[in-house]
Each structure stands twice: as C-alpha cells, then as structure tokens.
Student: 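Before I ask anything, here is the structure I am working with.
Note that the structure is predicted; figures quoted are calculated from it, not measured.
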Amino acid sequence: MRRVITYGTFDMLHYGHINLLKRAKELGDYLIVALSTDEFNWHEKQKKTYFSYEKRKQLLESIRYVDLVIPETSWDQKITDVSLYQVDTFVMGDDWQGKFDFIQEQTDANVVYLPRTPEISTTQIKQDLNTKDLATNYDSKAK
C-alpha cells in the first residue's frame, strides 16, 4: 500500500482544497492529512481559524479521498510522521516549492509539490467576503 501525506489548515474548505486532496490521493492508496491545530495556527503561524480544529477535522473526514486525519502540532513533526506512518509520498501545494526537500533527503519518501488551483484561495475568499459590494464582485467573476 502506497501512503501519501499532506499538511494544512484547511479552514474555509473550498474546491481548491478538494482538488489538492484528490490529486494527492491519486499518488497512492492511502491519504493522511495532518491538520494544523488551533494552537499551532495561532502560536506558529499567527493565524486564527474560522472553524475549530474539531470542525475542520470533521469536514476533512467526510471527504472520500481522505483516509486519516492527524493533528499537526509543530513544524518539526514531518520527519517523524513520515517514519511513523510509513509514508511513500509527501505532498504540498507548489506555493511551498523547495521548502520540504529536506524530507526527501532524510527519509525514503518522495516529495511532490502540486500546482494550486489558480483562481481560488482562502485568502481570496476572506478578502472577497470583506468587500462591501459582494454583488459587483460576484458579477465580474461570473463573466
């Protein structure tokens, strides 16, 4: 069985996330998602999530591509996770290109950076929702 792992916050889940998870699953038979805890997001990334860890975990567990969700509690756990879960492929979005090459050097896992879905991001959704004239933004994007 080929095991794949990816990491993320997956707050405000959208089709870009689903695309990433689907493509990650296609690289193996079993997909593990290491989901950033609320504490890790706040203390290490200076991010406050909209949904709690438990709610985000529940959402991820309902996606057919995801086989297991584990907590991400530190930047340093990746090497341990690859070993513990016998991971063959470590996957991240290409916005992290090169940042996790050390995993391939220190383990038997291949590192793959998948292209992001270009027209969507959580940051963009948050910016759009904060825009007062949402109808105008919607109309211009629908064309």
Side-chain angles (χ1 to χ4, degrees), residues 1-131 134 136-143:
M1 178 184 301
R2 295 171 304 141
R3 296 172 185 250
V4 179
I5 194 166
T6 192
Y7 291 75
T9 300
F10 299 96
D11 196 24
M12 300 182 72
L13 194 66
H14 55 73
Y15 66 90
H17 292 133
I18 302 301
N19 287 343
L20 176 78
L21 295 170
K22 180 180 184 215
R23 290 180 289 153
K25 177 66 178 251
E26 289 169 352
L27 296 173
D29 307 301
Y30 191 85
L31 178 60
I32 303 160
V33 177
L35 178 63
S36 301
T37 63
D38 298 333
E39 297 77 17
F40 179 63
N41 275 313
W42 181 250
H43 295 296
E44 297 298 325
K45 300 179 179 180
Q46 288 70 52
K47 285 185 185 177
K48 174 131 176 53
T49 57
Y50 184 81
F51 293 109
S52 70
Y53 172 83
E54 286 304 321
K55 294 295 183 193
R56 292 180 288 121
K57 182 175 189 262
Q58 183 181 17
L59 287 167
L60 286 170
E61 288 174 337
S62 72
I63 298 169
R64 67 180 173 194
Y65 310 115
V66 176
D67 296 294
L68 177 65
V69 179
I70 63 170
E72 179 187 25
T73 59
S74 82
W75 292 111
D76 300 328
Q77 79 182 65
K78 291 170 178 62
I79 295 289
T80 304
D81 289 346
V82 167
S83 175
L84 180 65
Y85 294 98
Q86 301 173 356
V87 170
D88 300 291
T89 307
F90 177 97
V91 174
M92 292 298 284
D94 64 359
D95 51 326
W96 291 95
Q97 187 75 43
K99 299 267 192 311
F100 297 106
D101 291 352
F102 70 92
I103 291 169
Q104 191 161 306
E105 296 162 6
Q106 296 179 29
T107 71
D108 293 331
N110 293 320
V111 175
V112 176
Y113 298 99
L114 294 174
R116 294 175 54 107
T117 304
E119 70 278 3
I120 187 74
S121 72
T122 301
T123 301
Q124 185 62 51
I125 290 171
K126 287 178 180 177
Q127 288 172 351
D128 288 351
L129 289 174
N130 285 324
T131 301
L134 289 175
T136 302
N137 282 344
Y138 176 79
D139 290 341
S140 66
K141 288 184 178 186
K143 294 178 183 175

Student: To check you understand the geometry: which heavy-atom pair defines the closest contact between Ser36 and Glu72, and what is its length?
Tutor: OG-OE1, 2.6 Å
Student: Among residues two or more places apart or on two chains, list those pairs meeting salt bridge (Lys or Arg N to Asp or Glu O under 4.0 Å) that have a residue in residues 82-107.
Tutor: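 Found Asp95-Arg116.
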Student: Run the side chain to side chain contact (heavy atoms under 4.5 Å, CB included) check on Leu20 and Thr117 step by step: do they pass?
Tutor: CA-CA 8 Å; Leu20 176 78; Thr117 304; over 6 Å; no
Student: Give the minimum heavy-atom separation between Ala24 and Leu114, together with the two atoms involved.
Tutor: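 Taking Ala24 first and Leu114 second, the nearest heavy atoms are N-CD1, 3.8 Å.
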Student: A quick test of your reading: do over 12 heavy atoms of other residues, nucleotides or ligands sit less than 6.0 Å from NZ of Lys22?
Tutor: no
Student: Closest heavy-atom contact between Val111 and Gln104?
Tutor: N-OE1, 2.6 Å
Student: Taking atom CG of Leu31 and atom CD1 of Ile63, what is their separation to the nearest 0.5 Å?
Tutor: 9.5 Å
Student: For a side chain to side chain contact (heavy atoms under 4.5 Å, CB included) with Lys57, tell me which candidate from Val69, Ile70, Thr37 qualifies.
Tutor: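 Running side chain to side chain contact (heavy atoms under 4.5 Å, CB included) over Val69, Ile70, Thr37 with Lys57 returns exactly one hit, Val69.
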Student: How about Leu60 and Leu21: do any of their side-chain heavy atoms sit closer than 4.5 Å?
Tutor: yes
Student: Any chance you could measure Ile5, atom CD1, to Leu27, atom CG, to the nearest 0.5 Å?
Tutor: 13.5 Å
Student: Applying side chain to side chain contact (heavy atoms under 4.5 Å, CB included) between Val87 and each of Ile103, Val4, Val82, report the one that passes.
Tutor: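 Among Ile103, Val4, Val82, the one that satisfies the side chain to side chain contact (heavy atoms under 4.5 Å, CB included) with Val87 is Val82.
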Student: Are the side chains of Asp67 and Ile32 in touch, meaning some heavy atoms are under 4.5 Å apart?
Tutor: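 Side-chain contact under 4.5 Å: no.
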Student: Report yes or no: is the cationic atom of Arg56 (NZ for Lys, CZ for Arg) closer than 6.0 Å to the six-membered ring centre of Phe51, at no more than 45° off its axis?
Tutor: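 No, Arg56 and Phe51 do not form such a contact.
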Student: How long is the gap from OH on Tyr30 to NZ on Lys25, to the nearest 0.5 Å?
Tutor: 9.0 Å
Student: Applying ring-ring contact (aromatic ring centres under 6.0 Å, His included), name anything that partners His43, two or more places apart in sequence or on another chain.
Tutor: none
Student: Go through Gln58 and Ser62 one step at a time and tell me if the side-chain hydrogen bond (donor to acceptor under 3.5 Å, both in side chains) criterion holds.
Tutor: CA-CA 6 Å; Gln58 183 181 17; Ser62 72; over 6 Å; no
Student: Answer whether the closest heavy-atom distance between the side chains of Thr6 and Met92 falls below 4.5 Å.
Tutor: yes
Student: Counting distance only, does the side-chain N/O of Asn41 pair as donor-acceptor with the main-chain N or O of Lys47 below 3.5 Å?
Tutor: no
Student: Rounded to the nearest 0.5 Å, what separation is found between the CZ atom of Arg64 and the CD1 atom of Ile18?
Tutor: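 If we round to the nearest 0.5 Å, Arg64:CZ and Ile18:CD1 are 10.0 Å apart.
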Student: Around atom CG of Asp108, are there more than 12 heavy atoms of other residues, nucleotides or ligands at under 6.0 Å?
Tutor: no
Student: When rounded to the nearest 0.5 angstrom, what distance separates NZ in Lys55 from CG in Leu13?
Tutor: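 Result: 14.5 Å between the selected atoms.
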Student: Should Thr107 and Ser83 be marked as a side chain to side chain contact (heavy atoms under 4.5 Å, CB included) after you check the CA-CA gap, both sets of side-chain angles, and the distance that decides it?
Tutor: CA-CA 8 Å; Thr107 71; Ser83 175; over 6 Å; no
Student: Side chains of Thr9 and Lys45: closer than 4.5 Å at any heavy-atom pair?
Tutor: yes
Student: List the steps and the verdict of side chain to side chain contact (heavy atoms under 4.5 Å, CB included) for Tyr53 and Leu35.
Tutor: CA-CA 8 Å; Tyr53 172 83; Leu35 178 63; 3.6 Å; yes
Student: Between Asp29 and Met1, is there a donor-acceptor pair closer than 3.5 Å when you use the side chain of the first and the backbone of the second?
Tutor: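 No; zero donor-acceptor contacts below 3.5 Å.
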Student: As an exercise, state the distance from CD of Glu54 to CG of Leu59, rounded to the nearest 0.5 Å.
Tutor: 11.5 Å
Student: Can you check whether Thr89's main-chain N or O pairs, donor with acceptor, with Arg2's side chain at less than 3.5 Å?
Tutor: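 Looks like no, no N/O pair under 3.5 Å.
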Student: Tell me which pairs pass ring pair (Phe, Tyr, Trp, His ring centres under 6.0 Å) where either residue lies in residues 69-123, with sequence neighbours left out.
Tutor: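 Sorted pair list: Tyr7-Phe90, Phe40-Trp75, Phe90-Phe100, Trp96-Phe100.
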Student: Does Glu44 reach the main-chain N or O of Thr73 with its side chain, forming a donor-acceptor pair under 3.5 Å?
Tutor: no
Student: Going by heavy atoms in the side chains, are Leu68 and Val66 under 4.5 Å from each other?
Tutor: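 A side-chain contact is absent here, since even the closest heavy-atom pair is not under 4.5 Å.
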